[in-house]
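I have placed the structure first, in the form of C-alpha cells, so that the comments after it can refer back to it.
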Amino acid sequence: MKLRGWRGLVWLAAAEGTALGRAHELWRAGEWQSSCWISPVAPAGVASHVWLPPGKARTRLGQEHDLIIFDALEAGAFDADALGALSGTLRAGGLLVLLTPLVPRDVTVVSASRYLARLLRQLAGAPGVACWHADDELQLPVLSESPGNAKARFTGSHDKDCLTADQAEAVARLVRLRRRRPLVLTADRGRGKTAALGIACARLLAAGQAHILVTAPRPEAIAALFERLMALRPEGQRQGNRFVEAGVGCVEFMAPDVLSDKLERGETGGPGSWLLVDEAAAIPAAMLGAWLTAFPRIVFATTVHGYEGSGRGFALRFRERLERQAPEWQQYHLAAPIRWRADDPLEPLVNQLLLLDAEPPAVVSLAPLVLQHWQQAQLATDEQALRAVFGLLVQAHYRTTPGDLQRLLDERGLSITTLASDGQIQAVCVSADEGGFAPELAERVARGERRLPGHLLAQSLAAHAGSRQALTAHLRRVQRIAVHPERRREGLGRHLLEAEREAARKAGIDLLGASFGAEPGLLAFWQALGFCTVRLGLSRETSTGEHAVMVTAPLSAEGSAIRAGLVRRFRSLLPALLAFELAALDPEVVLALLREGGSPSLVEDERQDLADVAGARREPALARPALQALVWCAAQAPPHEPELAWLAGWAFQGRDLAWLAAQAGVTGRRQALARLREIVGRYLSAGENGEVEGFPPR
C-alpha cells in the first residue's frame, strides 16, 4: 500500500473483548512512526500521549499518522466529526482501524442509532474495506489500478519548499498578488492549501513585508501555516498566535470577531495591508465583504469538501460580491493530494461514509412542487434522498459538519420536510420541538440551576429574556432551512415555512421560532413571514462574527401573549443596548431591528429640532432624540440609502464623527458634520413631502 501511495480501512466488528484484542494486535504488529487511539476512555496498554477522547480530535490537526484506531464499540460513542478530522491526517501506507459492535452478516441491523446503522450498511457494501468480523479470517479488499489511474502518482514540484506543482503555483500566485485583485484558493482536504499560505508568508517576510494578518474560524485551522513558517524562517519565534522575526516582521492570527472590531475602530486595514483568510466558507459573506474593502491585498482560501463544511456555498454567495467590488479577482484550485496518491481508496470511502462530498440534486424548475414529511428512519435508508437533503444543507450553511448528519438521523423529535420537483428535492426544512416543562423545572432552568440538552430557544428566552412561559409552553424551532441555490427567490422557503407553521399549529405548538446570525437579508426574510425579534445576543459568535438573533411567530392564544411580552421587553430594551453593549452592531442590522413594530410619532418640537440641525447650526448631539425618531421613521420603508445606516450608527450607537467621516469618504470633523446635516435635511424634506413611508404627516 505504501509503495502505491494508498491508505486503507480495516473494519473490526466483534464483541468488545475480541475487537479490542485484535486492535491491540495491529497496534503491536507494525513499526508505526506515529499512531493515535481514539476512544471514550484510555485503553489498557496504550500510552497516554497517543490516546485521545473523540472531543479532542482537533488537537491532532496538522499532524500525520500511520495508524489510527477508532473505537466506536460503545453505544453512542461514534463521533463523526472526529473521524472526519482525523482521516485527513493519515498519510500514504497508513491504516484507519474502525471498531464497531458485532452485526449480522447481512447488516440488516436494528440499532438505537440510525446513523450507525447506515454507516455499517455503507461499510458492508463498499469496495476497499478490509473486514475482520467476529471469528472470521481477515478479508482483504481487492484493489487494482485502472488504466486511467496508472499515472496518478505523487506530483512533485520544482519548488524546493513545495510538495506538488499545484502547491507551488498557489504559492507563486500568493507572493505576486497585486492590489485590488483578490485571490480565491480552493481545494479538497489534504492538498496543502494552508501550508501554501505559510510558505507564502515566509517569502513575503523575506521580501520585506513587515506585517501579515491571518484569520480563520479557529486558530487550530491554521496550524499548518505556522508549522511551515517556523520551518522556513527558523530565526523567528512563535509567540502565541503571532510569529515574530526580530528586525523583519510578523505574521499575526486574529479571530474574525476581533479583526472586525479593530477594523471598525480603524486600527487595521488601509494601504499596504495584507490579509489571508483561511476556511473562508465558515465566515459570513458580509464580514468577508468588509475585509475585501479594507485590505488592498487579500486572499480567500477555503476547503471545497471537508469535515469543517463546504466551500461551495461560499462560492455561490460571495462570487457576486467579488464581481461587484473586485472584478479582476482570480481563482486557483489545488487538485493534487500531498499525503496520499490521487487514486487513494480511503478518501472516496470516507467521503461516502460521512457525505463529505454531498452535492445539491439536479435543479427542476418546471414540474409542480410536492411537499413531503420524512421520518428519520425513512431518510436513513433512502441514500439518494439523504444525499440530496444533506447536499442542500451543506451549500446553504457556512458550517455544516459530519456531526450534523449524525444529528439529522439520530436527534430525537426532529421534523424533516422537503419540497421536490419531478422527484428531485429542491428545498428542506429541519425543525425540533422544545419546551413543555413543568412549572417547577421551568423555574430552576430560568434561574440557571438546570440545563437540559436541546431546547435552545426555550431556555434562552427564559434565561436571557425573562420568560418562564417560554419553558412551560410548547415551542418548535426551525433549525435549518435550505433552498437549492438555483431556485432561490422563487418562494420555496416561504412555502416550506408556511407548511411548517400549519403543521405546528395542528400539533398544538404555541410558538414557532428560529435562531440565526443577525444579517439584514435573513432578518428581512423572517420579518416578511410575520416573525419578530425577541432576543439578540450581546456579543458576536467567535466562529461567525455575527450576533445570534431569535425570532418567533405565535400559533395560539397563549403563544400570542408570550410573544407580545417578549417583543415589548425587547423593543423597550433595544435603544439602551444599542448605546452600550451593541454599540458595534452592524448599522444595517440596527435598521432591520428598528423596522419591526412601527415608528414613534414625530412631535412638532422634534420637527423643529431636525430643521435646526439641518439648516440652523444646531449641535446634533443636543437633538439626538429627534434624530433617533427620524431614523426610526425612515427605517420603515426599505430599501434605503447607505446614509441612513450611517445616521443610525451615530444616533443610536454613539459612533463618533470620525467614524461617520470614514463611512462617507470625507476627512475631518467639519466635513463629517456637514455631511450629517445634509443627510438629516434630505430625509426631513423627503418625509415632509410624503416620500418616506412611515414618516407621519403634520
Side-chain angles (χ1 to χ4, degrees), residues 411-415 417 429-481 497-518 522-523 525-539 541 547-578 581-582 592-598:
E411 188 173 307
R412 294 181 60 185
L414 281 191
S415 171
T417 306
C429 178
V430 181
S431 60
D433 290 351
E434 299 184 5
F437 296 171
E440 300 80 9
L441 179 58
E443 181 63 25
R444 294 187 64 190
V445 170
R447 292 167 61 88
E449 298 170 2
R450 287 286 305 275
R451 184 74 179 173
L452 304 177
H455 304 277
L456 168 70
L457 186 64
Q459 292 186 105
S460 181
L461 293 180
H464 303 294
S467 175
R468 268 67 170 173
Q469 294 85 355
L471 288 166
T472 56
H474 295 276
L475 281 65
R476 180 167 292 179
R477 177 168 65 93
V478 176
Q479 293 186 351
R480 295 285 185 95
I481 184 166
L497 279 177
E498 288 175 347
E500 189 65 43
R501 192 196 305 253
E502 186 58 29
R505 182 180 288 110
K506 290 179 178 178
I509 300 297
D510 299 301
L511 280 173
L512 182 64
S515 177
F516 50 89
L522 279 177
L523 277 168
F525 170 77
W526 291 92
Q527 289 167 346
L529 291 170
F531 289 76
C532 286
T533 304
V534 291
R535 181 174 180 263
L536 186 66
L538 297 183
S539 58
E541 300 288 324
H547 295 256
V549 65
M550 293 183 172
V551 298
T552 61
L555 302 178
S556 69
E558 182 181 356
S560 295
I562 295 171
R563 209 276 288 269
L566 288 166
V567 168
R568 183 178 60 254
R569 297 177 74 165
F570 177 73
R571 288 177 183 161
S572 66
L573 186 60
L574 181 60
L577 291 178
L578 293 176
E581 289 81 3
L582 296 177
L593 296 173
L594 293 176
R595 190 157 53 241
E596 296 182 3

To the closest 0.5 Å, what do you measure between [atom1] ([X]) and [atom2] ([Y])?
X: Ile562; Y: Leu461; atom1: CD1; atom2: CG; value: 9.5 Å
X: Leu594; Y: Leu578; atom1: CG; atom2: CG; value: 6.5 Å
X: Phe531; Y: Leu511; atom1: CZ; atom2: CG; value: 10.0 Å
X: Leu512; Y: Arg563; atom1: CG; atom2: CZ; value: 11.0 Å
X: Ser467; Y: Arg535; atom1: OG; atom2: CZ; value: 13.0 Å

Side-chain heavy atoms of [X] within contact of [Y], under 4.5 Å:
X: Thr552; Y: Val567; result: no
X: Val551; Y: Thr533; result: yes
X: Val478; Y: Leu497; result: yes
X: Cys532; Y: Arg571; result: yes

[X]: side chain to side chain donor-acceptor pair (under 3.5 Å) partners, not counting sequence neighbours:
X: Arg476; value: Asp433, Glu500
X: Arg569; value: none
X: Glu502; value: Arg505
X: Gln527; value: Glu596

Shortest non-hydrogen contact between [X] and [Y], atoms and distance:
X: Ala553; Y: Gly530; value: CB-O, 4.0 Å
X: Ala504; Y: Leu555; value: CB-CD1, 3.5 Å
X: Ala465; Y: Leu566; value: CB-CD2, 3.8 Å
X: Ala592; Y: Leu523; value: CB-CD1, 3.8 Å
X: Gly508; Y: His474; value: O-CB, 4.0 Å
X: Glu558; Y: Ala473; value: OE2-CB, 3.7 Å

Side-chain donor-acceptor pairs under 3.5 Å in residues 435-448, sequence neighbours left out?
from, atom 1, to, atom 2, distance (Å)
Glu443, OE1, Arg468, NE, 3.1
Glu443, OE2, Arg468, NH2, 3.2
Arg447, NE, Glu449, OE2, 3.1

Test log, rule side chain to side chain contact (heavy atoms under 4.5 Å, CB included), inputs Leu538 and His464 = CA-CA 10 Å; Leu538 297 183; His464 303 294; over 6 Å; no
Could you check whether any side-chain N or O of [X] sits under 3.5 Å from a backbone N or O of [Y], counting only pairs where one atom can act as donor and the other as acceptor?
X: His547; Y: Gly537; answer: yes
X: Glu434; Y: Gly454; answer: no
X: Gln459; Y: Arg451; answer: no

Partners passing ring pair (Phe, Tyr, Trp, His ring centres under 6.0 Å) against Phe516 (at least two apart in sequence or in another chain) =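 Phe516 satisfies ring pair (Phe, Tyr, Trp, His ring centres under 6.0 Å) with Trp526 only.
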From CA spacing to verdict: side chain to side chain contact (heavy atoms under 4.5 Å, CB included), Leu452, Arg450 = CA-CA 7 Å; Leu452 304 177; Arg450 287 286 305 275; 3.1 Å; yes
Could you give me the CA-CA distance, side-chain angles and deciding distance for Leu414 and Gln479, then say whether side chain to side chain contact (heavy atoms under 4.5 Å, CB included) is met?
-> CA-CA 9 Å; Leu414 281 191; Gln479 293 186 351; 3.6 Å; yes
